[in-house]
Amino acid sequence: MNLRKKLILFGILGTLLFNACSTKKDAFINRNWHALNTKYNTLYNGNIAFEEGRNSLNDTYQDDYFEILPVERLKVSGEVKLDSEDNNPNFLKAEEKATKAIQRHSMDIRDEERNPQTDEAFLLLGKARYFDERYIPALESFNYILNKYTESDKLNEANIWREKVNIRLDNDDLAIKNLKRLFKFEQLKDEEYADARAMMAQAYINLNVPDTAVQNLKIASHYTKKNPEQGRYYFIIGQLYDQLGYKDSANYAFDKVIELNRKSPRVYMINAEIQKLKNTKITAENREVILEYLTNLEENRENRPFLDKIFRQIAEFHLEQESDSLAINYFNKSLRASQNIPKLNALNYENLAEYNFDESSYKAAGAYYDSVLTNLVENTKKYRSIKKKLDNLEDVIKYEDIVQYADSVITLYQMPKEEQLAYFGKYIEDLQKAKEAAQKKEKDRITDGFLAFNKSKGGKENKGKFYFYNITSLGYGQNDFKNTWGNRELTDDWRWSDKSLIASRDDIALNTEALTDTLGLVGEDEQFSLDFYMNRLPTDVVVIDSLKTERNFANYQLGLIYKEKFNEFILAAGKLEDVLDSNAEERLILPSKYNLYKIYEEVGSPLKNSMKADIIANHGDSRYAEILLNPQAVLADDSNSPEKRYEALYKQYKDQHYLQVITGAEENINRYTGDPIVPKFEMLKANAIGRLQGFEPFKEALNYVALTYPNNPEGKKAEQMVAEQLPKLEPKEFSPETDSKGTSNWKVVFPFKRSNTEKALKLMELLEKSIEDLRYKNIVSRDIYTLEDQFVVVHGFKSKNFALGYAELLKNNKDYRVADENFVILSDNYKIIQVHKNIIEYRNTLLTPKP
């Protein structure tokens, strides 16, 4: 009987359970069964996955404190995603659980949802999609709640999340409109109200209405009970006040952040303290207080993760107080403490670059500017500005190296032989002393290591002990450190030793290194041989004259760069004066004098009058003298300006008058020596030489432009052409001329002497008439080949047979009867004979019939 009762009981329970699983019956047990399963099974696991995903985002997210912080800590890619590929697995799991809850436990009966947990499943679904940056699907989920579950207690929350999505989709005006309606018609909980106000503030920030955003953030910070959010809101308020120029109000907001202390993330407090210091004007009265405040920030152990920002603020303090050495030290400390913040690193490197440039350490400045670029986003205004500075510095470094090397070698050359021997002897002696010191240091290190080992009784009793408890390892390590680094104080940057010793040795070796750098690798014995240096010192006057020429040109280029690109007039004047004092080439003297005159005029020096008189007296027939004597008349005579002359020459170039272009360019180069337009004449001349004389002269002319004007646009273009275009033009091998219809391009060429130009022009008219009569689409041109030869060319035949047929038709047709010599050539081969001027080779290779 008991068994029978049990069976009946289990049967009843099974029936009830089976009926409870149905989502189509609106019964008490069905509703509660599915509600419990939704809440404590699928949604519970989904919410856990969602929070894990949200925490992982917060852990990896880095705020950019150089910009206005977003209200919500969420890193976004800026892309509108529609699918769920390659996204956060936690959010995908949360979405999967929410979907499962909806599919298995939704009780949509007579168009009414009877499971009270389904709206929460849709809310989780939308939130997971939102944090996965799939805003359109998220919007669908939130809109479904608002339209379907009109009695849900999640309506306000869904409304707020929908406006978050609208803000992410740049629908800021719509979000503000909807949030205002929400405030007007709904009763919100404190946290909901704070969240809604914060999102409205974000919309106003996006619309660049900072004052209204501040008011909404103040309300949000008052209503929220979450301290991290409160700290963030206060910090953003401070940033917005800074943007509006209200420093006192900004500092009041930052004080609110600081008062929260450990209640909100420390990063807000540290950045608030730094921003507050930036807003505080340093005076004689508060200077010591501010320095003490900064020192306390630096020494506080809790601030170690933020030392990069603290060090930079201390550096800026010392920079403002003109304590350059301390400022540079702290900029370097900030870089070493870097937390991988590119903007912070870029600012530090830029400060170091500017300091080194002001100190004329151009190599160091260039290296720092290069580091600035690696920390900036490409194609931004800042990136382009720094890139321009770096490009200019590269030219400075190049020419300064040339001057230093030439001066070093010339100085050594001009020494009497006895002084040369004494100089190199002293250098070798210093090398030997340095080598002996290094050998002794290594020997002492090894000896001290063995002594430490012996004192520790062989280390047997220390075997297996931790390093700092192992007497042998510890003693050996201490001696090794002392031998390597010496006695160092326990301070920051302990590795930085006295640089004066290094500097003195660099001064000794400066000139010698400039000489030996070009000699390749130096052997161990050779570097201590006096003959090694003496034998390699130039003795030929031609070599020294060449070095002087290079040095003078480099000094001239440096003078122009300092004057035109950096406004360093004193440096520029020094370089140009060096040119005049060095018996430079004639072509550099006049432009150096004129640029010196302009510098003297700029800085108000009385030397400008004597320089003006010098130019008029010694270069009276030059354009510079004309400008100085009657500047208004020269400027008014626009028809004879360098620009007009260039335009006229360029028209001649287009008309294939290459010889006239070459001679005209040379005349204008001599006339306008030193003028910025000269490189353009040089480039035009190089192109004309290439057209008239072929590849090798063109290559030589391009190299001359590239080497002579490297900091000029034409020089850079010539350098690019040498690197990219010349290798493509260099091949001289002809392609086999096999007829392949539709894949090649052929030409019919009629050669003429330049003296027969009239006959060539008449043939052109006849050819153009024949093409029109035959309804062809070919083009006829007259191409200059060399100084003596020219071609009349019919372009655009798709096959060799077609081209041969056209030539035969011209010869036999009674309307044309063209008996002039001609040949058919592949377009690629025609290009080669024009580039290399090797038509004889072509005729011998491809036109001569094979036996």
Side-chain angles (χ1 to χ4, degrees), residues 648-665 684-695 697-698 729 734 737 744-848:
L649 270 184
Y650 186 74
K651 186 176 184 304
Q652 287 187 311
Y653 174 81
K654 298 295 285 184
D655 293 338
Q656 300 189 74
H657 301 310
Y658 300 128
L659 183 60
Q660 292 90 322
V661 171
I662 294 169
T663 55
L684 188 62
K685 174 186 169 185
N687 283 314
I689 287 173
R691 293 283 188 175
L692 196 60
Q693 300 176 21
F695 179 80
F698 179 52
L729 297 175
F734 295 109
E737 294 193 335
S744 302
N745 196 294
W746 298 79
K747 305 177 188 297
V748 178
V749 180
F750 297 85
F752 288 91
K753 290 294 182 183
R754 293 285 295 276
S755 56
N756 289 338
T757 298
E758 187 177 345
K759 185 177 179 182
L761 292 173
K762 288 182 178 179
L763 177 63
M764 278 188 69
E765 293 180 7
L766 184 62
L767 293 175
E768 287 170 349
K769 181 179 182 303
S770 72
I771 288 169
E772 185 180 353
D773 292 345
L774 298 170
R775 296 184 180 179
Y776 288 177
K777 296 182 180 180
N778 302 69
I779 297 172
V780 181
S781 71
R782 184 173 70 92
D783 299 344
I784 302 301
Y785 181 61
T786 62
L787 196 58
E788 298 179 350
D789 298 299
Q790 61 182 325
F791 298 141
V792 174
V793 187
V794 184
H795 307 265
F797 294 100
K798 296 298 181 183
S799 71
K800 184 176 183 179
N801 289 335
F802 194 3
L804 289 170
Y806 175 75
E808 188 69 21
L809 184 148
L810 290 175
K811 183 178 179 180
N812 297 322
N813 191 300
K814 63 180 181 178
D815 295 328
Y816 311 120
R817 298 292 186 188
V818 177
D820 297 291
E821 175 194 359
N822 62 77
F823 59 92
V824 172
I825 185 172
L826 189 65
S827 292
D828 292 341
N829 290 338
Y830 181 75
K831 180 180 178 181
I832 290 172
I833 67 170
Q834 278 287 14
V835 169
H836 293 280
K837 309 301 177 186
N838 55 350
I839 190 170
I840 295 175
E841 184 182 343
Y842 171 76
R843 288 178 181 275
N844 294 335
T845 304
L846 295 178
L847 294 186
T848 303

Side chains of Phe791 and Ile784: closer than 4.5 Å at any heavy-atom pair?
-> no
Check whether any side-chain N or O of Asn813 sits under 3.5 Å from a backbone N or O of Leu809 as a donor-acceptor pair, and report yes or no.
-> no
Just how far is it from atom CD of Glu772 to atom NZ of Lys777, taken to the nearest 0.5 Å?
-> 14.5 Å
Between Lys753 and Asp789, is there a side-chain N and carboxylate O pair less than 4.0 Å apart?
-> yes
Is there a donor-acceptor pair under 3.5 Å between the side chain of Asn822 and the backbone N or O of Asp820?
-> yes
ring-ring contact (aromatic ring centres under 6.0 Å, His included) partners of Tyr830, counting only residues at least two apart | none
Gln790 and Ala760 have their tightest heavy-atom pair at NE2-CB, 4.2 Å
Can you see which heavy atom on Val748 is nearest to which on Ala803, and at what distance?
-> CG2-O, 3.6 Å
Is Ile833 close to Asn829 at the side-chain level, that is, under 4.5 Å between some pair of heavy atoms?
-> no
Give the minimum heavy-atom separation between Glu737 and Trp746, together with the two atoms involved.
-> CB-CH2, 3.7 Å
Shortest non-hydrogen contact between Tyr816 and Leu810, atoms and distance = CB-O, 3.8 Å
Could you pull out the closest heavy-atom pair between Ala688 and Ile662, with the gap in Å?
-> CB-CG1, 3.7 Å
Using ring-ring contact (aromatic ring centres under 6.0 Å, His included) as the criterion, list what pairs up with Phe695, not counting sequence neighbours.
-> His836
Any side-chain donor paired with an acceptor under 3.5 Å for Ser781 and Asp783?
-> yes
Between Thr845 (side chain) and Tyr842 (backbone), is there a donor-acceptor pair under 3.5 Å?
-> no
Is there side-chain contact between Lys747 and Phe797, with heavy atoms separated by less than 4.5 Å?
-> no
Nearest heavy atoms of Lys837 and Leu692, plus distance in Å = CE-O, 3.8 Å
Would a 4.5 Å heavy-atom cut-off, applied to side chains only, mark Phe734 and Asn838 as touching?
-> yes
4.5 Å side-chain heavy-atom contact, Tyr658 and Gln693 | no
Side chain proximity check, Phe752 to Arg782, heavy atoms < 4.5 angstrom | no
How about Leu659: does its CG atom have over 12 heavy atoms from other parts shown lying under 6.0 Å from it?
-> yes
Does any N or O in the side chain of Lys654 come within less than 3.5 Å of the main-chain N or O of Leu649, such that one atom is a donor and the other an acceptor?
-> no
Just by distance, do the side chain of Asp655 and the backbone of His657 share a donor-acceptor pair under 3.5 Å?
-> no
What distance separates Tyr653 OH from Asn687 CG, expressed to the nearest 0.5 Å?
-> 4.5 Å
Please tabulate, for side-chain N and O atoms in residues 761-771, each donor-acceptor pair with protein atoms closer than 3.5 Å (sequence neighbours left out).
unit_1	atom_1	unit_2	atom_2	d
Lys769	NZ	Asp773	OD2	2.9
Ser770	OG	Leu767	O	2.6
Ser770	OG	Tyr806	OH	2.7

Should Phe750 and Val818 be marked as a side chain to side chain contact (heavy atoms under 4.5 Å, CB included) after you check the CA-CA gap, both sets of side-chain angles, and the distance that decides it?
-> CA-CA 10 Å; Phe750 297 85; Val818 177; 3.9 Å; yes
Kindly indicate, with the supporting measurements, whether the criterion side chain to side chain contact (heavy atoms under 4.5 Å, CB included) is fulfilled by Lys831 and Leu729.
-> CA-CA 9 Å; Lys831 180 180 178 181; Leu729 297 175; 3.9 Å; yes
